Amino acid sequence: MALPLLLLLTFTILTSSVLGYKTIIDVLSDDARFETLIVHIQRARLVPILNKLEAGTLFAPDNDAFANYHGPDITQDILLYHLVPWMVPTHDLYHHQILESSFRLDDYLKNNTGQRILIRQGPSATLGDNNNAPSFLVNDARLILPDIPVNKKTIIHAVNKVLEVPDMLAPSLESKSVDLYQMMDRVGLIHLINQHQPFTVFYSEQSILQDFNDVEQSYLLSTYGDEDLGRMLDYLVIRGDIYTDDFVGEKEYKTISGEMIVIKADKKKNGEKIITVDGQLILQGDILASNGVLHKVEDMPRTKQVAFDIRKYLYGIDATKFVSLLDRYGLGYYLAPGVTNFTVLAPENDSIDEGSLPDNLKKAWLSYHIVHGQWFPDQLHDRQLLPSEYKSPQLNDQAQRIPIGLYETRKSSIFFGNARSQNAPITINDNAIYQLSSPMNLPYDVFSSIVVDLELSSFIATLYVSGVVDKIKSASGITLFAPTNQAYKSLGLVATYLVHPTGRHDLQTTLQYHAAQTLLYEHDLRTSAYSVATLTGHDSLEVGGVNEQGMISIGTDNGTIHQTNVLMANGVIHKIDTVLVPPSVSLTHRKMLVGMESHRVLDWFEDFSWLDEGGDYILLAPTDRAFTQLDELLGSGWEQKDREAYEHLVRLHVIPKAQQLDRRTLLGGEIEDYPTLLSNRDRIMIHGGSYFAENFVQVMGQTGQGAHARVLAKGSLRKYTQVIQIDTVLIPVSRGLFGLPWYWSLALVSGLVLVGAALVGWAGYHFWQKRRRAGYQAIQDEEEERPSEPAPQDDSQQE
Ligand SMILES: *[C@@H]1O[C@H](CO)[C@@H](O)[C@H](O)[C@H]1NC(C)=O
Ligand SMILES: *[C@@H]1O[C@H](CO)[C@@H](O)[C@H](O)[C@H]1NC(C)=O
Ligand SMILES: *[C@@H]1O[C@H](CO)[C@@H](O)[C@H](O)[C@H]1NC(C)=O
Ligand SMILES: *[C@@H]1O[C@H](CO)[C@@H](O)[C@H](O)[C@H]1NC(C)=O
């Protein structure tokens with residue numbers, strides 16, 4: 001094998017010397033520095049090719065170069081890469097010259113040309129060497145012995161390193177910028193530039209993301225941002241290998257994103273070439289790759305085709321579930337690129353539990369998270385109600401509101417309904433996005449809205465027992481005034497009646513009266529007064545305006561609103577301190593008695609037709625138990641045994657309106673003692689709460705004071721019209737002692753007491769007579785004429 005080669009070599013040398021024509025092989029063989037090279041050339045069967053060469057330049061690594069070489073095995077391809085098929089003497093070399101080698105990789109470069117070699121001007125030649133001739137770098141190798149002549153068209157330059165064939169673009173890029181490589185890999189660009197086709201790629205040490213904010217970066221790096229990121233990266237790649245030498249003047253090149261990129265080349269005065277790509281300076285051009293070339297730029301050229309919008313920002317903050325729900329329920333148009341002037345309240349991905357809401361409510365619930373207008377924190381205040389984009393049929397297509405909560409102790413947070421936002425809003429295209437730690441709940445129905453409020457338990461209970469709740473639930477756009485438990489309590493016996501089965505209809509009307517058929521939020525009520533239709537259908541309610549204490553007024557009896565704006569699905573609830581009895585509910589004594597189950601007092605209405613069921617008077621109603629006690633004393637049926645006495649007793653329990661009016665003027669309401677229907681002298685003193693620990697009533701007769709009866713409960717039907725429940729049946733004092741018809745006067749009373757009482761009575765009478773003459777009696781004249789005036793015998797006896 002060595003022999004024919006040797007022969008061939010000898011032959012070549014012989015012929016060339018004979019003809020005076022040398023080949024590369026001749027020259028290398030003569031030079032001991034290229035022994036290794038010759039061996040590789042022989043092994044790679046390159047001798048015939050080199051001998052046939054008409055013109056060329058060989059970059060010849062010397063023996064040391066091979067000794068230091070640790071690359072892949074030397075092949076014909078590698079050796080051919082050291083050969084340029086025309087003559088390039090050093091005086092033709094220049095900085096950034098690209099030479100095309102004889103090594104060709106099919107289609108790797110444009111027009112299937114050879115792999116390129118880059119000539120650079122190295123650090124200026126060591127002084128003394130070759131009269132300051134510029135030193136050159138061939139790729140990474142130094143040109144150590146230039147211009148070794150071969151023949152007229154062929155030359156050898158000795159180099160100190162074996163030239164390595166450039167890598168593919170992808171690994172070259174990876175070694176320059178891992179980040180960019182990884183991004184390009186994500187969007188499939190690495191796969192593209194790994195093809196056997198030529199590309200030109202621009203890269204920079206600056207991140208392509210550096211000009212984007214956190215949200216935009218996070219979007220671009222998410223899977224949702226692939227397309228935009230791809231577009232940005234595609235803008236950095238041009239098909240074909242274009243070297244800095246090819247850039248002349250200003251020219252547009254089509255990037256693989258389809259967009260044109262402007263590359264401009266200028267010559268500086270010193271001859272240096274300045275190249276900019278979309279205005280970004282090329283810092284290092286012509287980084288060779290086997291399938292193209294890389295140019296390092298100062299900063300990344302940026303495509304103009306990537307624009308941000310609400311949707312992309314929502315992806316950027318990971319609110320992906322929210323976005324996909326908006327899309328699924330046909331609300332994607334809120335996220336379209338052109339949308340401006342909206343505020344989006346975006347719940348975090350993890351906090352959304354799709355199962356927690358029925359599908360038919362999801363669209364409503366989603367649109368509840370969008371508000372028209374760009375709302376910044378300084379435009380929000382505590383208890384504000386923001387109208388959402390949920391135009392609810394249950395509110396007659398008005399916007400359901402979002403209550404804003406700002407708390408002193410949690411200054412950095414804003415509450416939107418039940419949901420908290422801890423960060424400043426993110427703005428995009430005049431829209432604002434707040435991130436919510438949880439989704440907002442749509443306002444619930446009436447029950448669920450107030451069930452947690454212990455102060456409203458009576459209201460809730462009455463709504464429930466009356467069956468009115470369904471009517472309230474099905475009404476739309478209502479304002480519900482919810483009386484507190486205290487309000488129910490002050491209603492006393494009226495409440496007892498209303499919750500009694502017989503009061504059901506009146507209870508229903510009363511409750512419906514608390515629901516206005518208009519949506520009135522606190523702000524509305526503060527700013528003006530309304531007379532609004534209620535659910536009763538025929539009663540209207542006065543509400544609105546503020547009193548001297550700054551409270552919103554309601555009703556005609558100085559009622560006020562205490563807590564406002566509890567939202568519900570079909571309206572709003574305000575808490576009030578009074579139960580409003582509508583005009584269409586007429587409360588009568590009889591109804592009260594039924595509610596109290598005071599059967600014995602009810603009998604009075606049967607027994608005495610003059611007792612008016614609905615008149616204006618105070619009725620003192622002893623309990624059935626009190627009557628039982630009396631029965632024990634007198635024997636049952638005592639009413640029938642002395643009808644007159646029975647009637648007197650009944651009359652003692654009635655305080656007519658006229659008397660109340662009179663006493664009011666006379667006593668200024670301090671201790672109120674009222675004449676009864678029995679007579680002016682048979683009075684009832686009512687001790688109110690402020691001076692006495694307990695409420696009680698007491699009979700005041702002309703002969704002294706009778707027993708106390710405790711007040712068990714009261715109910716005010718109207719002004720001057722009450723029922724007062726007492727624990728004892730009242731007995732007229734004036735007749736109880738000697739009025740023989742009274743069976744119970746057989747109660748043991750000693751003669752002394754009798755006389756004493758008579759004397760006291762007589763003295764009292766005279767005193768009274770004097771006062772009467774002095775004119776005090778005028779007011780009572782009317783009463784004296786009543787047919788029920790007590791029998792005169794008592795008076796005469798005492799006189
Ligand atoms: C490549 O070939 C085409 C035609 O085949 C020619 O027009 C073009 O100038 C060539 N480009 C280079 C860089 O040689
Ligand atoms: C958010 O939710 C969507 C849809 O359920 C899911 O595909 C995505 O991976 C989630 N993203 C994060 C960051 O949790
Ligand atoms: C933005 O929306 C708010 C609230 O609906 C509105 O008052 C305002 O006029 C809007 N601004 C613009 C510029 O459209
Ligand atoms: C309501 O308040 C006014 C003024 O405070 C008072 O004069 C009036 O008597 C009150 N009315 C009722 C029914 O309490």
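Remember, it's 1-based here, ligands and their atoms both numbered in the order they're listed. The basis for the numbers below is simple: all heavy atoms, side chains too, and nothing from hydrogens, waters or symmetry mates. Only a predicted model underlies this, so the values are computations on that prediction, with no experimental measurement involved.
- Between N396 and S476, the side chains place a donor N or O and an acceptor N or O closer than 3.5 Å (distance only, hydrogens not considered).
- Within ligand 3, the atoms closer than 4.0 Å to a non-hydrogen atom of N341 are 1 (C), 2 (O), 3 (C), 8 (C), 10 (C), 11 (N), 12 (C), 14 (O), numbered from 1 in the order shown.
- S531 and E542 form a side-chain donor-acceptor contact under 3.5 Å, judged by distance and modelled atom types alone.
- Put simply, atom 9 (O) of ligand 3 has no protein non-hydrogen atoms near it, under 4.0 Å away.
- Annotation for ligand 3: atoms under 4.0 Å from non-hydrogen atoms of G373 are 1 (C), 2 (O), 3 (C), 4 (C).
- Partners of S457 by side-chain hydrogen bond (donor to acceptor under 3.5 Å, both in side chains), not counting sequence neighbours, listed by chain and number: N485.
- Screening residues 516-554 for ring-ring contact (aromatic ring centres under 6.0 Å, His included) gives no qualifying pairs among residues at least two apart or on separate chains.
- Within 4.0 Å of atom 5 (O) of ligand 3, at least one protein heavy atom is present.
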